[in-house]
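The structure appears below as structure tokens.
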Amino acid sequence: MNINLKSKLGRISLNNPVLVAAGTFGFGEEYTALINLNKLGGIITKTVTLEPRKGNPPPRLTETPAGLLNAIGLENPGIDVFLKEKLPFLSQFEAALIVNIAGEKEEDYLTLAERLNEKERIDALEINISCPNVKEKGLIFGTDPGRTFLLVKKLREVTNIPLIIKLTPNVTDISEIAQAAQEAGAEALSLINTVLGMSIDVETRRPKLGNITGGLSGPAIRPIAVRMVRDTFQKVSLPIIGMGGITCSEDALEFILTGASAVAVGTANFIDPSTALRIVEGIKEYMQRKGIENFEDLIGWLENSV
Amino acid sequence: MYQIKAKILFNEKIISGHYKMCLYAPGIAREAKPGQFVHIRIKDGYDPLLRRPFSIHRCEGEKIEILYKVVGRGTEFLSRKKTGNEIDTLGPLGQGFKISPDLKKIVLVAGGMGIAPLYFLAEKLNRENILILLGAESKGKILYLENLKNLNVKVQIATEDGSQGYKGLLSEFFFHLLKENSQIDLVCACGPIPMLKKIAQLSLKYKIPCQVSLEQRMGCGIGVCLGCTIKGKSSYLRVCSDGPVFQANQIRWKEER
């Protein structure tokens, strides 16, 4: 049987549906020693901002049951260094290249989009309106359908690059924000970003993170993410990149069956850098076993009762 | 850098709560330099979730050794691993000690488990040029004294309760040494942060170059996640990939507790 793993996110073509999530793969350099980046469906970069950002005070990480609570604070070298040093490196791979951007205000997002606009190698921008770890940043857009709509609409006007909007789970109804992004002309949606959380050292009576609160990722949040992909899939027609605690092909297939057109591996990259490539093989094996030739037939193929 | 399933050749208790594990890891053993570490996936499954970093304590042929103290769930699981088990090991990682060959007197300051990377360093240096200061709470908790004697290096000891050697903190003992010796070319230290802070500040005060090996909770271990940072002079530094060995003057010690 000839297995076809190709998937599409609007105008974005993927060789296979397994990507690596923003903030968990840097700009790819470190992983080249361990895996073949050409075999990934796509690489989503660490968030890039206009100016370099130093990030939050340590400690920035703490482990929780099957989870990782982080408050990195979008540390990154800024757009100038990205364009000069990171983009040429990332451009050499066959994987789709998706650049994640965030701003403090609307103009920042627009300037970033304009500066990335003419870079032909970039397949899409992922718009981070959902980072929980920076005081004044994107989350104010991502929790308000009206502001999401306006931001995406204005971005749409300044760039023709496909826009993927990354949504936060820290809202009452994620599908409302998804609808706003769709109406404003988004190409696809990424969900979910991390779940806002907190952890305390009772011996010292101090929060475990320098930033006090952080974003929870890892297997602990997977059921939350799967449910949110379902809600969104039922209400909007945009393709979805599902993410949240994916560690193996079974996890990835949960997202795909409930409506994701692609998945992204995040925290698991830290634990086993080969996770994404193992998932590609696992999905292929599953399709063979189920007699399904085209990956796209799997998307949303959920039986609606137990 | 290698990610391998390393076979455990032994995993034995050395003193209460402290273990030594030997792994068959040819690539890592060949490339490892003193001060580098391995990032070990303690068990399959996702709880505990993250890998755990351990200094490389020794390399011999195709084998590496780590020393560890049971401090939480991760190391507790690790201590129960049996000979013959395989364990997912990533390494060698990070920046090690940088020693120029013309140095004639190097003092290695090891607080408790701090001996782990410093033993590896001692093995690689000309033994006539080094002095090791070992610190522990009490006589029974001194790690590795016998092996150091076999290495044939000069060792001096400080215990907090005075049950062996100097009575008091290792940093105080180090201070006395500094006052008596003007001819120290380099200090290399590893141990708890409060100790390292004092050793670093004393070395800086006496204008002796000092390198410290730091510990921090880590995510990826290879410089991607930016989770293990500490405050450096001008920016945050990643312990996993900018370190774990730093020049003492790179660190903003005032802000370390």
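Computed over heavy atoms, backbone and side chain alike; hydrogens, waters and symmetry mates excluded. The sequence lines fix the lettering, A, B, ..., with proteins before strands; numbering per chain opens at 1.
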Minimum-distance pair of heavy atoms, taken over all atoms of Gly227(B) and Arg60(A): O-CB, 3.6 Å
Tyr46(B) to Pro219(A) - nearest heavy-atom pair and separation: CB-CG, 3.7 Å
Options Ala33(A), Pro58(A), Gly28(A), ranked by heavy-atom pairs under 4.5 Å with chain B, top entry: Pro58(A)
Which of Gly245(A), Cys248(A), Gly218(A), Pro273(A) touches chain B most, by non-hydrogen pairs under 4.5 Å: Pro273(A)
Structural part of Leu50(B) lying under 4.5 Å from a heavy atom of chain A: both
With a cut-off of 6.0 Å (strictly less than), are more than 12 heavy atoms of other residues, nucleotides or ligands near [atom1] of [X]?
{"X": "Lys39(A)", "atom1": "NZ", "answer": "no"}
{"X": "Glu86(B)", "atom1": "CD", "answer": "yes"}
{"X": "Lys69(B)", "atom1": "NZ", "answer": "no"}
{"X": "Arg278(A)", "atom1": "CZ", "answer": "yes"}
{"X": "Lys233(B)", "atom1": "NZ", "answer": "yes"}
{"X": "Lys63(B)", "atom1": "NZ", "answer": "no"}
{"X": "Glu285(A)", "atom1": "CD", "answer": "no"}
{"X": "Lys124(B)", "atom1": "NZ", "answer": "no"}

Evaluation steps, side chain to side chain contact (heavy atoms under 4.5 Å, CB included), between Lys54(A) and Tyr236(B): CA-CA 7 Å; Lys54(A) 289 174 78 169; Tyr236(B) 289 116; 4.2 Å; yes
Rounded distance (nearest 0.5 Å) linking atom SG of Cys225(B) with atom CG of Leu68(A): 7.5 Å
Tyr31(A) and Ile222(B): CA distance, side-chain angles, deciding distance, side chain to side chain contact (heavy atoms under 4.5 Å, CB included) verdict: CA-CA 8 Å; Tyr31(A) 281 107; Ile222(B) 60 174; 3.7 Å; yes
Polar side-chain atom of Glu63(A) near backbone of Leu49(B) as donor-acceptor pair, under 3.5 Å: yes
Test applied, side chain to side chain contact (heavy atoms under 4.5 Å, CB included); reference residue, Leu226(B); option that passes from Ile72(A), Asn76(A), Leu74(A): Ile72(A)
Portion of [X] that has a non-hydrogen atom of chain B nearer than 4.5 angstrom:
{"X": "Thr24(A)", "result": "backbone"}
{"X": "Thr267(A)", "result": "side chain"}
{"X": "Phe25(A)", "result": "backbone"}
{"X": "Leu34(A)", "result": "side chain"}

Ile271(A)/Arg41(B) under side chain to side chain contact (heavy atoms under 4.5 Å, CB included): CA gap, chis, key distance, verdict: CA-CA 7 Å; Ile271(A) 300 149; Arg41(B) 188 162 175 199; 3.5 Å; yes
Chain A contacts, top residue of Val224(B), Asp47(B), Leu90(B) (heavy-atom pairs, under 4.5 Å): Val224(B)
Side chain to side chain contact (heavy atoms under 4.5 Å, CB included) between Leu61(A) and Gln216(B), worked out: CA-CA 10 Å; Leu61(A) 291 183; Gln216(B) 175 70 289; over 6 Å; no
